[in-house]
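For reference, the structure is listed below as structure tokens.
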Amino acid sequence: MADAMAPHAAPHGEAGETRRDFLKLTTGAFAAVGVGAIAWPFISSMNPARDVLALASTEVDLSPIAVGQAVTVMWRGKPVFVRRRAEEEIKAAREVPLSQLRDPQTDQSRVIRDPWLVVVGVCTHLGCVPLGQKPTDARGDYGGWFCPCHGSHYDTSGRIRLGPAPANLAVPEYNFTSDTQIRIG
Amino acid sequence: MAIGLHQSDFKNPVVRWIDSRLPVFTMMQKEYGTFPTPRNFNYFWNFGALAMVNLLIMIATGVFLSMHYTAHTAYAFDSVERIMRDVNFGWLLRYVHMNGASMFFIVVYIHIWRGLWYGSYKAPREILWILGVVIFLLMMATAFMGYVLPWGQMSFWGATVITNLFSAIPVVGNDIVVWLWGGFSVDNPTLNRFFSLHYLLPFVIVGVVFLHVAALHITGSNNPLGIDPKGPQDTLPFHPYYTIKDSVGLIVYFIFFAFLVFFAPNYLGHPDNYIPANPLVTPAHIVPEWYFLPFYAILRAVPDKLGGVALMFGSIAILFILPWLDTSPVRSMRFRPVAKWFLVLWGINFCILTWVGAKPAEGHYVTIARWATTYYFLYFLVILPLLGRLERPLKLPESIALPVLRGGGPIPAGAAAKPMEKA
């Protein structure tokens, strides 16, 4: 082909447009799609595998937990705090006006059944595990949890009240499978 | 321009700024853009580029596989099965890696064959050739250790047999084997070090490939006629002419590769390797992966432990001195009417060694393996040195451009006027 010997052939279509432009763009488009298609499985392989996802929910038996007690369970590699709150703790959490909260949420919206508070035990500041699960732990100024890393105080609804953390302790997706059992995740 | 800055020809200000300080753009332009390349390449000249792409595929899939693999005898097999069943696209990564090893050897065997047929190992490309043989050896070591990692029956017994080769060395052999194992049999320490080295060696290969390409860009490429380009009329810029030609080959390569991965992923493997390693039971018939069969055949052809091992390693070591064994100054077999038939026979002989390597070592197979082994060495040690003196080569063309442009465009002035460099 004569064209093959002269890469900068005369234009064939509109001013400045050549068959070569078309070929280049087509080739480039195919190459981009191809690279994307190849990259996809590689990137996807780093996402949680099926056996990891299969272990992504945890069942918790609530019957041994007495009023005022808390347990820590492992869920997706993280601690989850399950706390059976006393009446006055619930009352304290519900009396706080939303205007005083950094991350305004009502206590009712954070629980399914009143005494049971279920939150992910990871401080929303930089990921430490707050203290407050044991009776001997420091629970901060608001009687919930206290993060020793940078001094965040959480209340009895797991909401941030004081310190650098920007948000409340996260409430995981969970439901009651019976009166004394929950399934997290 | 300030002293110490590279004089860049690039217009784009950002490219120009970088290029003046670190002239990578100029280098790429020189080595892969305008690089003068003989105009008469055939598709055999695709295989260097294909090997490069294959190496990158192996490294990419390998890095991602290693994120999910556990190098421990108790977990290795299961972690590979987990990759197959649970990891997203893990089956794809593993099948590409597995068949990529086979593809790599197919590509490299054709690449080596190209070198043998067109005399690419001859002066001035001896170092280029030797670096290629080094890459081949590193590939073999890497492939062998990679095959051990899934910790199936073939992994375990392959590792046992191959490491035991070193016990043939007089006096220190057994100590070397214990040292290789890190114990008294192939076991967890062996698996751990093989994983470490299997991850390391590909990057060593990348380094040697860099030297291989650097040496190539000093001597320039050989070509199907085996004569040197005499000027610009004999060459084309690498881009776009050979980037495009390589792309065509790459597409065919990917089609073949994809066929293996998607339709016959285990065709080149061995079913026994899906049985977890058992140090108490050897499979009835153990064979290495197909790409090692010719050398395995040579090993078994010799009725002596040390002799077999020596010939097996010798069959590759002999490639190092090939540039000096072949005494003919004519590179391309096109112009060697006698030698070319001996090389064709050598190629067939290599296939026979591959075939017989997969057969049991008994009866006629042993006889065939012995004759084939004899011819393998005879070609290098006797036939090539003698033919250099006895053979009368055909007349070489005066230039590359002359036969290429025959019947085509005008022959550039001066192309035919210069005398031949080699008779």
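Just so it is clear, the values below take in all heavy atoms, side chains as well, and ignore hydrogens, waters and symmetry mates.
For the pair Met46(A) and Met67(B), the minimum side-chain heavy-atom distance is below 4.5 Å.
Heavy atoms closer than 4.5 Å to chain A are found in both the backbone and the side chain of Thr61(B). Contact annotation for Arg82(B): only side-chain heavy atoms (C-beta onward) come within less than 4.5 Å of a heavy atom of chain A.
Annotation for Phe30(A): atom CZ does not count as buried by contact number, only 12 or fewer foreign heavy atoms lying within 6.0 Å. For CZ of Arg183(A), the number of neighbouring non-hydrogen atoms (other residues, nucleotides, ligands) closer than 6.0 Å is 12 at most. Environment of CZ in Phe256(B): sparse, with no more than 12 heavy atoms of neighbouring residues, nucleotides or ligands closer than 6.0 Å. Within 6.0 Å of the CG atom in Asn175(A), the count of heavy atoms belonging to other residues, nucleotides or ligands exceeds 12.
Closest approach of Ser45(A) and Val87(B) over heavy atoms only: O-CG1, 3.7 Å. Contact detail for Phe42(A) and Phe64(B): the closest heavy-atom pair is O-CE2, 3.2 Å.
Judged by distance alone, with hydrogens and angles left aside, the side-chain atoms of Arg50(A) form a donor-acceptor pair with the main-chain N or O of Arg85(B) at under 3.5 Å. At distances below 3.5 Å, not a single donor-acceptor pair connects side-chain atoms of Asp86(B) with backbone N or O atoms of Ala49(A).
Taken to the nearest 0.5 Å, the CD1 atom of Ile38(A) stands 5.5 Å off from the CZ atom of Phe254(B). With rounding to the nearest 0.5 angstrom, the CG atom of Leu23(A) is 9.0 Å from the CD1 atom of Ile244(B).
For the set Leu65(B), Leu93(B), Leu92(B), the entry with the most heavy-atom pairs within less than 4.5 Å of chain A is Leu93(B).
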